[in-house]
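Indexing begins at 1, ligand by ligand and atom by atom, following the structure's order.
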Amino acid sequence: MSGSLAIIGLGPGDDRYLTREAEEALASAEALYGYGRYLDRVPIREDQARHASDNREEGARAKAALNHAAQGAHVGIVSGGDPGVFAMAASVCEEIAAGPEIWRALGVRIVPGVTAMLAVAARAGAPLGHDFCAISLSDNLKPWELVVKRLDAAASAGFVVALYNPVSRARPWQLGDALARLGRHLPDATPVIFGRAVGRDEESVMVTSLAEAPGIAADMATLVIVGTAETRLIPRKDRAPLVYTPRAVEKVVA
Ligand code: SAH
């Protein structure tokens with residue numbers, strides 16, 4: 001019997017964000033692996049085994065799921081947002097690359113989901129309407145020096161930047177440093193969006209400027225989008241402003 005592994009994106013929030021493909025993949029799994037808080041969002045039947053693990057145990061979780069699939073089971077691993085964005089799909093590939101031959105014989109399917117950056121952008125308007133990039137501020141797996149280099153390159157090249165993993169208990173200062181670094185290239189008035197727990201009951205979205213952004217609280221459930229010199233606000237009476245980045249740029253500013 002040949003086993004398989006599906007790496008399933010749950011989207012950013014509740015089950016309104018679950019795609020039909022993800023729903024089907026969840027239903028057809030015999031066992032589901034994942035971070036406990038993500039697994040809690042998934043209805044699990046009595047005949048499905050549930051293997052919850054801690055957020056930081058991605059490598060061990062991937063290995064356990066691959067071993068289970070190698071025994072012939074249809075296994076699912078859940079991931080918040082999209083599994084390919086700073087998440088389980090890359091972790092599983094890393095384990096397959098370094099692991100036993102039998103893991104390469106497994107069917108592996110990655111089921112996409114709505115990543116946090118898109119959900120936050122949609123709440124604010126169209127900040128990603130022109131070229132953009134995503135950077136994780138976690139320096140667990142890369143040196144901070146590299147993050148700084150990428151922030152400089154992104155802002156000086158005119159990319160809107162989505163900052164994933166802006167803050168954690170172990171990483172309290174990185175967001176402040178990143179905003180200061182972006183401020184070397186961008187005007188004080190550059191729009192900045194803080195989206196927290198988007199798609200869940202406790203969702204909050206706030207639009208501010210690069211000068212004010214260091215005073216705004218953020219945590220592990222927050223995604224920060226920093227605009228460019230082109231990104232604009234449309235103020236509206238009794239409504240939140242619309243933030244957008246126009247699609248056209250007429251000339252290159254040196
Ligand atoms: N695979 C996930 C990202 C994992 S990294 C995805 O595609 O969205 C975890 C980071 O994603 C968090 O620190 C936060 O920056 C962001 N994030 C995840 N869910 C979010 C949500 N509902 N609202 C805002 N940001 C979120």
Would you say Tyr164 has any N or O atom under 3.5 Å from an N or O of ligand 1, going by distance alone? no

Check: Ile216 and Met206 side chains under 4.5 Å, non-hydrogen atoms: yes

Using modelled atom types and a 3.5 Å cut-off, is there a donor and acceptor pairing between side-chain atoms of Thr245 and backbone atoms of Pro127? yes

Please work out which of the three classes, parallel, tilted or perpendicular, describes the rings of Tyr33 and His51, given edges at 30° and 60°. parallel

Evaluate the side-chain proximity of Ile77 to Arg61: yes if any heavy-atom separation is below 4.5 Å, no if none is. yes

Which atoms from ligand 1 have a heavy atom of Gly81 less than 4.0 Å away? 6 (C), 7 (O), 8 (O)

Are any of the N or O atoms of Pro83 closer than 3.5 Å to those of ligand 1? no

Looking only at distance, does Phe86 have an N or O less than 3.5 Å from an N or O of ligand 1? no

Going by distance only, is there an N or O of Gly80 that falls short of 3.5 Å from an N or O of ligand 1? yes

Close side-chain approach of Asp54 and Glu57, heavy atoms under 4.5 Å: yes

Would you mind running through ligand 1 and noting each atom that sits below 4.0 Å from a heavy atom of Ala87? 1 (N)

Heteroatom distance test (Gly13, ligand 1): nitrogen or oxygen, under 3.5 angstrom: no

Quick one: pull up CD in Glu23 and OG in Ser28 and give me the separation to the nearest 0.5 Å. 11.5 Å

To the nearest 0.5 Å, what is the distance between CZ on Arg109 and CD1 on Ile8? 7.5 Å

Measuring from the heavy atoms of Gly199, does anything fall under 4.0 Å of ligand 1? no

Of the protein's non-hydrogen atoms, which lies at the shortest distance from atom 7 (O) of ligand 1, and what is that distance? Thr115 OG1, 2.6 Å

Test item: side-chain donor near acceptor, Tyr35 and Ser79, under 3.5 Å: no

Under a 4.0 angstrom heavy-atom cut-off, which atoms of ligand 1 come close to Ala221? 23 (N), 24 (C), 25 (N), 26 (C)

Report the part of Ala116 in contact with ligand 1, treating N, CA, C, O as backbone and CB onward as side chain, heavy atoms under 4.0 Å; options are side chain, backbone, both, neither. both

Can you list the atoms of ligand 1 that are under 4.0 Å from a heavy atom of Met220? 12 (C), 13 (O), 14 (C)

Quick check on Arg200 - does any of its heavy atoms sit under 4.0 Å from an atom of ligand 1? yes

Could you walk me through whether Arg50 and Asp40 pass salt bridge (charged side-chain N to carboxylate O under 4.0 Å, His left out), step by step? CA-CA 10 Å; Arg50 180 184 190 278; Asp40 289 345; 2.4 Å; yes

Measure the distances from the heavy atoms of Pro166 to every atom of ligand 1 and state whether one is below 4.0 angstrom. yes

Give the atoms of ligand 1, by number and element, whose distance to some non-hydrogen atom of Thr222 is under 4.0 Å. 14 (C), 15 (O), 25 (N)

Would you say ligand 1 has an N or O under 3.5 Å from any N or O of Val114? no

